[in-house]
Amino acid sequence: MARRLPGHIRVALTLAVAVAAAAALLSPRPAAAQGATEADVLIAFRNTLRGPDGAPPGPLRNWGTPGPCQGNSSSWYGVSCHGNGSVQGLQLERLGLAGAAPDLTAIAVLPGLRALSLSDNALTGAFPNVSALGVLKMLYLSRNRLSGVIPEGTFRPMRGLRKLHLASNEFSGPVPGSITSPRLLELSLANNRFEGCLPDFSQPELRFVDVSNNNLSGPIPAGLSRFNSSMFAGNKFLCGKPLDAECNGLGMPTSGMSTMMKIAIALIVLGLLLCAIGIATGVLGRRRRKPRRAAAESLGGGDQTPSNPKLNTAPAVNIENAASTSQPRAGAAAAAGGAAAAKRQRRDEHGRLVFIQEGRTRFEIEDLLRASAERLRIIKGAARGLAHLYDELPMLTVPHGHLKSSNVLLDGTFEAVLSDYALVPVVTSQIAAQVMVAYKAPECIAPQGKPSKKSDVWSLGILILEVLTGKFPANYLQKGRQGGDLASWVQSVVTEERTGEVFDKDITGARGYEADMVKLLQVGLGCCDADVDRRLELKTVIARIDEIREPEPAAADSTSSSS
């Protein structure tokens with residue numbers, strides 16, 4: 001039988017329990033536990049930030065009511081949202097933030113926060129404490145003035161970290177081993193003062209690593225040897241592949257002078273030998289040119305064979321007669337090639353990419369686009385691919401940035417696949433303005449113009465109009481001028497009530513689908529509205545495209561044959 005405790009012991013235990021309960025009630029609780037909304041959390045976090053004038057930056061002072069998210073859109077500067085209305089990311093770049101890095105535990109209570117960017121500011125001091133942001137996927141702190149050693153276990157709680165960009169700061173000490181998150185995709189540590197050896201990276205999905213211009217030393221881990229040598233430049237004590245410097249027994253680079261000298265001598269000798277062979281070949285070829293030409297003509301014009309390859313840069317040939325040897329879906333594109341040959345002859349075709357199918361059938365991407373049965377499928381695939389990029393890359397102002405017909409690839413079932421996306425973070429704004437399609441949008445061409453989330457939508461609209469009209473967009477671009485693009489030409493023709501003249505003649509005979517083509521044309525024009533506020537949202541574009549009927553194969557085939 002249990003003995004009863006003495007009275008004074010029972011009184012002491014009761015007092016201890018009461019004190020512990022009072023302390024628990026008085027201790028601070030997380031904002032979520034106190035009933036604070038996401039708006040309250042963000043405003044409290046904003047009040048800790050300091051701009052050049054010592055107050056929160058101007059663009060953030062407009063944070064207020066309504067809350068940060070209305071569905072998947074936000075009216076708050078720098079805030080992106082999930083579809084369920086919760087905060088997904090904070091992009092607080094180029095705000096002149098100064099002083100020490102903010103306390104990030106304040107925003108750890110945001111359950112949906114997956115991306116945070118404080119790049120291009122003037123933050124100083126030590127690396128911020130990110131241990132409370134265990135679910136964060138993307139962290140951007142590049143181009144600040146942060147310094148000091150990053151503790152070894154800093155990134156251990158962040159097992160889902162996908163992208164980490166810390167370039168152009170003043171970090172020193174060794175690269176923390178916890179940086180090798182199992183799901184890491186991108187890592188940028190360039191232009192710092194990191195030293196010591198690189199940790200081993202074995203992530204199969206890792207696709208970008210840049211550790212150039214540091215003080216790193218020792219052999220490059222095998223998991224990083226597949227990257228370009230420029231990603232390791234500026235570290236004079238690194239060695240091993242992909243660098244030319246071999247490692248000695250101490251794990252340090254050898255002098256390499258003798259090896260480089262041997263390579264230089266070998267290249268000189270090889271160059272002299274090739275020059276001698278070229279001169280001899282030219283002399284002999286000039287003597288034999290006429291006999292060989294006659295022999296080729298006697299063999300039927302020199303058809304291309306595996307032993308007699310030919311490089312053709314002339315316009316694509318009419319492939320209608322070879323359509324029977326192609327795949328069924330490609331047959332429609334082949335039949336349209338003959339009617340489009342005259343149009344292509346007016347272009348400069350030198351050096352253009354030509355695809356070859358079985359049976360030596362040649363076709364270009366424009367030929368495939370002229371097959372009316374495939375046009376809508378290509379447009380749908382491109383739009384859905386763009387929507388996927390918007391979901392996966394919320395921190396990028398223009399998740400694709402370079403959407404055009406040559407960057408829409410087709411798999412074996414003619415499904416559209418997008419390429420050359422997410423290039424904005426790795427190119428300068430000057431280069432982007434010169435070569436990237438999204439930067440040709442009206443809001444970018446205007447004085448002091450900047451790209452927006454809808455610049456990709458404008459690119460999609462140009463792609464839609466290209467597919468429907470068969471016109472090459474570059475022929476309608478006038479550098480530095482607004483209103484000089486394919487959309488402006490289409491709008492002018494539609495305004496003059498000559499809509500029938502807009503469509504590519506290879507699809508105008510699609511009986512029963514004229515109204516659907518006009519609907520799709522209106523979607524393309526809505527994507528290209530010069531007023532960004534009136535330009536269609538991407539989700540609206542996809543919804544309208546899904547409402548359009550897809551032509552039956554029989555109708556598409558008859559259209560192609562009639563051309």
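Positions are given from 1 along the sequence.
- In this structure, Lys137 places its NZ atom where only 12 or fewer heavy-atom neighbours from other residues, nucleotides or ligands lie under 6.0 Å away.
- Between the side chain of Asp40 and the main chain of Thr37, a donor-acceptor pair closer than 3.5 Å is present.
- Dense packing is recorded around CZ of Arg50, with more than 12 heavy atoms of other residues, nucleotides or ligands lying under 6.0 Å away.
- Here the CH2 atom belonging to Trp458 is positioned 11.0 Å from the CG atom belonging to Asp456, to the nearest 0.5 angstrom.
- In terms of heavy atoms, Leu95 sits closest to Pro52 at O-CD, 4.0 Å.
- Two residues are said to be in side-chain contact when any heavy atoms from C-beta on lie closer than 4.5 Å; Pro128 and Asp103 fail this criterion.
- A donor-acceptor contact shorter than 3.5 Å is absent between the side chain of Asn215 and the backbone of Glu195.
- In this structure, the separation between CG on Asn169 and CZ on Phe194 is 8.5 Å, given to the nearest 0.5 Å.
- Note: Glu152 CD to Ser178 OG = 5.5 Å, rounded to the nearest 0.5 Å.
- Side-chain atoms of Ser181 come within 3.5 Å of backbone N or O of Arg159 as a donor-acceptor pair.
- With rounding to the nearest 0.5 Å, the separation of SG in Cys527 from CD1 in Ile545 is 6.5 Å.
- Of all non-hydrogen atoms in Leu418 and Gly385, the two that sit nearest each other are CD1-C, 3.6 Å.
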Q) salt bridge (Lys or Arg N to Asp or Glu O under 4.0 Å) between Asp546 and Arg384: does it pass, once the steps are laid out? A) CA-CA 10 Å; Asp546 287 340; Arg384 290 167 180 165; 2.9 Å; yes

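- Under the 4.0 Å criterion applied to side-chain N and carboxylate O atoms, Glu170 and Arg145 are not assigned as salt-bridge partners.
- A salt bridge does not link Lys404 with Glu466: every distance from a Lys NZ or Arg NE/NH1/NH2 to an Asp or Glu carboxylate oxygen is 4.0 Å or more.
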(Q) Please determine whether side chain to side chain contact (heavy atoms under 4.5 Å, CB included) holds for the pair Ser142 and Leu166, giving the CA-CA distance in whole Å, both sets of side-chain angles, and the decisive distance to 0.1 Å. (A) CA-CA 4 Å; Ser142 297; Leu166 307 179; 5.5 Å; no

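- Exactly one of Gln203, Met138, Arg162 qualifies for a side chain to side chain contact (heavy atoms under 4.5 Å, CB included) with Leu185. That residue is Arg162.
- Judged by distance alone, the side chain of Asp533 and the main-chain N or O of Asp531 form no donor-acceptor pair under 3.5 Å.
- Shown are Leu198, Asp210, Asn214, Leu216; of these, the side chain to side chain contact (heavy atoms under 4.5 Å, CB included) with Phe232 is made only by Leu198.
- The CG atom of Leu123 lies 8.0 Å from the CG atom of Leu141; values are rounded to the nearest 0.5 Å.
- For the pair Gln88 and Ser80, the minimum side-chain heavy-atom distance is below 4.5 Å.
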Q: Output, in order, the C-alpha distance, side-chain angles, deciding distance and verdict of side chain to side chain donor-acceptor pair (under 3.5 Å) for Asn213 and Asn191.
A: CA-CA 5 Å; Asn213 301 316; Asn191 303 310; 3.0 Å; yes

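- No side-chain heavy atom of His400 sits less than 4.5 Å from a side-chain heavy atom of Ser459.
- Side-chain contact check for Lys236 versus Ser217: every heavy-atom pair is 4.5 Å or farther apart.
- When all heavy atoms of Ala101 and Ala126 are compared, the closest pair comes out as CB-O, 4.3 Å.
- Judged by distance alone, the side chain of Lys454 and the main-chain N or O of Val532 form a donor-acceptor pair under 3.5 Å.
- Under the 30°/60° scheme for interplanar angles, the aromatic rings of Phe155 and Phe127 are found to stand perpendicular.
- No side-chain donor-acceptor contact under 3.5 Å links Glu246 to the backbone of Leu243.
- For Arg61, the CZ atom counts as densely surrounded, since its 6.0 Å shell holds more than 12 non-hydrogen atoms of other residues, nucleotides or ligands.
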(Q) Evaluate Leu206 against Phe227 for side chain to side chain contact (heavy atoms under 4.5 Å, CB included), listing each step before the verdict. (A) CA-CA 10 Å; Leu206 189 62; Phe227 293 100; 4.1 Å; yes

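- Looking at every heavy atom in both residues, Ser212 comes nearest to Ser230 through CB-O, 3.7 Å.
- At a threshold of 4.5 Å between non-hydrogen side-chain atoms, the residues Val130 and Met158 count as touching.
- The neighbour count for Lys380 NZ, taken as heavy atoms of other residues, nucleotides or ligands under 6.0 Å away, is above 12.
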Q: Check the pair Val87 / Leu42 against side chain to side chain contact (heavy atoms under 4.5 Å, CB included), numbers first and verdict last.
A: CA-CA 10 Å; Val87 174; Leu42 289 178; 3.9 Å; yes

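- The CG atom of Leu463 sits 10.0 Å away from atom CG of Leu386, with the distance rounded to the nearest 0.5 Å.
- Counting only heavy atoms from C-beta outward, the side chains of Leu60 and Tyr77 approach each other to under 4.5 Å.
- Minimum interatomic distance between Ala167 and Asn192 (heavy atoms only, all atoms of both residues): CA-ND2, 3.9 Å.
- With contacts defined as side-chain heavy-atom distances shorter than 4.5 Å, the pair Phe45/Leu104 qualifies.
- Taking each heavy atom of Ala39 and Pro68 in turn, the nearest pair found is CB-CD, 3.7 Å.
- Using a cut-off of 4.0 Å between Lys/Arg side-chain N and Asp/Glu carboxylate O, Glu93 and Arg143 are scored as not salt-bridged.
- In this structure, Asn47 contributes its side chain and Ile43 its backbone to a donor-acceptor pair below 3.5 Å.
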Q: Test side chain to side chain contact (heavy atoms under 4.5 Å, CB included) on Trp76 and Asn62 and set out the steps.
A: CA-CA 7 Å; Trp76 286 24; Asn62 295 327; over 6 Å; no

Q.
Assess the residue pair Arg535 and Glu443 against the criterion (salt bridge (Lys or Arg N to Asp or Glu O under 4.0 Å)); give the C-alpha distance rounded to whole Å, side-chain angles, the decisive distance to 0.1 Å, and a yes or no.
A. CA-CA 11 Å; Arg535 190 177 302 165; Glu443 64 269 21; 2.8 Å; yes

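- A 4.5 Å side-chain heavy-atom check between Thr124 and Asn144 finds every atom pair outside the cut-off.
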Q: Could you please spell out the steps behind the salt bridge (Lys or Arg N to Asp or Glu O under 4.0 Å) verdict for Glu186 and Arg207?
A: CA-CA 6 Å; Glu186 297 179 7; Arg207 64 189 184 193; 3.4 Å; yes

